[in-house]
Amino acid sequence: MANENTELQQPSPRTVVIIGGVAGGASCAARLRRLDEEAQIIMVERGPHISFANCGLPYHIGGVIEERDALLVQTPQSFRARFNVDVRILTEAVDIDAGNQTITLRDLQNDETTEVDYDALVLSPGASPFVPPIAGAELSRVHALRTIPDMDRIIEACDTATPEHVTVVGAGFIGLEVAENMVHRGIDVTVVEMGDQVMPNLDFEMAAAVSDACRRHGVDLRTNTQVAAIEEAGDRLTVRSSDDAEFNTDLVVMAVGVRPEVGLANAAGLKLGEHGGIAVDDQLRTSDPNIFAIGDAIEIPHLVSGATGFIPLAGPANRQGRLVADVIAGRQRTYQGALGTSIIQVFDTTAACTGLSQSAAERQEIPHQTAWISASSHASYYPGSESVTLKAIFDPDTGRLLGAQGFGRDGVDKRIDVLATAIKANFTVDQLEELDLAYAPPFSSAKDPVNHLGAVAWGIVEGQRHVASWRDLVAITDDLGIVDVRSPQEFEAGTIANAINIPLNELRHRLDELPADRELVVLCKEGLRGYLATRILNQRGFKARNLLGGYNLWRLAAA
């Protein structure tokens with residue numbers, strides 16, 4: 001990819017029309033103006049706001065972000081003044097004549113249409129909330145959340161009707177953030193999710209930590225549940241599920257997911273991808289060389305697998321907008337794809353992921369191995385240390401890092417960013433062990449959790465670490481022995497069925513209590529004591545594996 005200092009290769013087009021603002025369109029317009037002071041730039045936005053923090057909408061509902069205006073990154077007036085862009089809000093693009101390079105715009109306030117010529121057209125229409133065909137979804141007390149007006153309607157409903165209970169349908173980013181912020185408002189919440197877990201971008205056991213946080217904070221979380229109908233019941237609503245169970249609620253927020261806005265592109269004859277989004281090349285051009293597309297409406301390659309799909313996140317959209325501006329201005333740049341790096345905080349728990357998940361690797365039949373570690377977010381003797389759990393997905397032969405995930409109360413964000421950088425740099429897991437990361441007691445340990453993760457994963461590649469996963473113990477068979485090397489107090493507080501308790505410090509003197517004819521799986525709280533015990537047992541003639549992530553991870557995922 002060319003750097004920022006590449007000279008312009010050709011004169012920029014005279015007129016550039018950008019359809020849609022927010023992360024992609026607004027970034028494209030601002031970048032293009034910085035590159036070309038002479039171009040005529042027209043930005044068209046169907047709504048009243050051209051650049052707002054849509055990721056912050058749930059937090060204003062809950063009062064975490066107190067001021068509504070804080071969500072407005074740029075107003076139409078400030079954008080015009082700073083970037084000399086012809087901003088047209090409350091205006092809809094209704095037709096593209098690609099042959100004549102014109103686009104028809106309709107003013108939504110007076111219903112008048114105008115035709116505008118373009119030299120380059122950028123489509124940044126985004127995505128719209130998907131509302132499944134549920135009876136009652138059209139009721140006035142059923143809402144979706146995508147824009148500031150959506151947010152305003154939900155806040156007004158909460159302020160005027162003072163609901164005691166809210167139902168959120170869908171347990172992705174928006175659904176869980178809305179649920180948390182309704183709890184902040186003092187409202188009881190039920191979350192209904194059709195799948196068997198929250199946060200489908202996470203692997204099951206990592207998502208289980210988010211589910212645990214929801215339930216600990218009073219959210220009634222119902223997975224494997226599908227809403228069949230929403231009905232009015234006096235001054236309340238009744239939600240009925242597909243198994244004929246029902247409960248009463250006062251407000252419903254649909255957060256099932258989003259679908260790319262491709263109507264305009266499809267009507268113009270632009271090629272769509274295999275998943276129904278706008279198809280683009282490595283310069284984000286559509287099938288028409290004068291039309292570009294960016295953001296949530298396009299299909300892009302995953303940086304690890306190469307498979308195309310949707311990655312509807314603000315970061316990629318922002319970078320795509322800047323790249324398209326560069327290309328329009330004559331710079332030679334290409335788009336490689338995205339990792340889908342993402343993070344969420346739900347109450348006291350943060351969960352994040354980057355690159356390929358284990359479930360995606362399985363679906364795409366990509367060879368992979370996994371490793372988990374749990375470690376302190378910073379030096380355990382310094383106040384405030386919390387446990388952080390990390391997972392690596394890697395090539396079993398080369399050790400190339402394919403993906404990573406993590407959860408905890410502190411320090412997850414910086415670890416996932418390091419791991420995302422490592423994936424982008426094509427690191428192998430042994431290189432993670434060698435990373436020179438900042439250490440001081442308030443911030444990390446001398447052996448950072450990322451170093452620790454790399455050491456465990458590389459030990460698996462080399463065959464030096466004998467490990468088991470939580471999945472291996474979902475169905476325990478008679479030919480497997482379970483050894484719990486925690487203290488008797490920890491053991492009494494909870495363990496895996498049929499486990500034998502021999503504390504680590506007593507293990508060498510109690511080997512005769514172990515079944516020599518069975519494979520052993522050793523567990524502790526998070527994995528470290530189990531690893532030490534496994535080393536002892538394998539050198540004493542036993543066949544033993546360490547349960548990665550320990551009892552804590554198993555309890556979340558399998559108990």
Side-chain angles (χ1 to χ4, degrees), residues 64 180 202 205-206 208-210 212-214 216-217 341-354 371-392 401 404-422 427 429-459 465 484-491 493-494 503-505 522-535 546-556:
V64 177
E180 177 185 5
L202 295 172
E205 75 282 9
M206 311 304 278
V210 180
D212 179 68
C214 289
R216 283 189 289 103
H217 287 82
T341 306
S342 57
I343 190 166
I344 186 171
Q345 179 178 305
V346 181
F347 299 105
D348 58 3
T349 297
T350 299
C353 65
T354 185
W372 296 261
I373 64 99
S374 291
S376 296
S377 57
H378 59 250
S380 57
Y381 56 82
Y382 188 87
S385 175
E386 298 281 357
S387 176
V388 56
T389 297
L390 299 178
K391 177 180 184 177
L401 186 63
Q405 302 189 15
F407 68 81
R409 297 189 181 190
D410 178 56
V412 175
D413 52 345
K414 73 173 184 176
R415 271 77 191 207
I416 213 70
D417 284 343
V418 169
L419 292 164
T421 304
F427 272 24
V429 289
D430 59 315
Q431 291 175 291
L432 297 180
E433 187 178 5
E434 300 300 325
L435 284 175
D436 193 354
L437 302 174
Y439 161 60
F443 304 106
S444 185
S445 300
K447 183 179 184 180
D448 188 85
V450 171
N451 301 134
H452 186 181
L453 181 66
V456 172
W458 187 244
R465 287 183 182 258
D484 189 330
V485 297
R486 296 176 299 160
S487 69
Q489 293 79 12
E490 291 173 288
F491 181 80
L504 174 62
N505 292 349
V522 183
L523 70 102
C524 64
K525 180 182 178 181
E526 295 181 330
L528 177 57
R529 283 173 287 175
Y531 166 66
L532 298 175
T534 301
R535 301 292 291 187
N546 180 32
L547 179 62
L548 292 181
Y551 176 73
N552 280 3
L553 186 63
W554 180 89
R555 179 186 57 80
L556 281 173

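Throughout, numbering of the chain's residues begins at 1 and tracks the sequence. What you see is a predicted model, and the numbers here were worked out from it, not measured in a lab.
- In this structure, the side-chain contact (heavy atoms from CB on, under 4.5 Å) partners of Glu526, at least two apart in sequence or on a different chain, are Ser374, Ser387, Asn552.
- For Asn451, there are no side-chain hydrogen bond (donor to acceptor under 3.5 Å, both in side chains) partners at least two apart in sequence or on another chain.
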For this session: Please lay out, stage by stage, how Val522 and Leu547 fare under the test side chain to side chain contact (heavy atoms under 4.5 Å, CB included).
Result: CA-CA 6 Å; Val522 183; Leu547 179 62; over 6 Å; no

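- When the side-chain hydrogen bond (donor to acceptor under 3.5 Å, both in side chains) test is applied to Asp348, the partners found at least two apart in sequence or on another chain are Arg216, Arg409.
- Remark: Pro383 pairs with no residue by the side-chain contact (heavy atoms from CB on, under 4.5 Å) rule, at least two apart or across chains.
- In this view, Tyr531 and Arg465, Arg535, Asn546 satisfy the side-chain contact (heavy atoms from CB on, under 4.5 Å) rule, not counting sequence neighbours.
- For the pair Thr350/Ile343, a side-chain contact is recorded, criterion being any heavy-atom separation below 4.5 Å from C-beta on.
- With sequence neighbours excluded, the residues that form a ring pair (Phe, Tyr, Trp, His ring centres under 6.0 Å) with Tyr382 are His378.
- Taking the side-chain hydrogen bond (donor to acceptor under 3.5 Å, both in side chains) definition, one finds that Glu490 meets it with Ser487, Arg529, sequence neighbours left out.
- Residue pairs meeting the salt bridge (Lys or Arg N to Asp or Glu O under 4.0 Å) criterion with at least one member in residues 443-457, sequence neighbours excluded: Arg415-Asp448.
- Identified under the salt bridge (Lys or Arg N to Asp or Glu O under 4.0 Å) test for residues 383-392, with sequence neighbours left out: Asp203-Lys391, Glu205-Lys391.
- Counting heavy atoms from C-beta on, the side chains of Cys214 and Val346 come closer than 4.5 Å.
- In this structure, the side-chain contact (heavy atoms from CB on, under 4.5 Å) partners of Ala208, at least two apart in sequence or on a different chain, are Leu556.
- Ser445 is linked by a side-chain hydrogen bond (donor to acceptor under 3.5 Å, both in side chains) to nothing, counting only residues two or more places apart in sequence or in another chain.
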Exercise. Which is it for Val418 and Leu435 under the side chain to side chain contact (heavy atoms under 4.5 Å, CB included) test, yes or no, and what are the steps along the way?
Worked result: CA-CA 10 Å; Val418 169; Leu435 284 175; 3.8 Å; yes

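- Every residue was checked against the ring pair (Phe, Tyr, Trp, His ring centres under 6.0 Å) condition with Phe491, not counting sequence neighbours, and none meets it.
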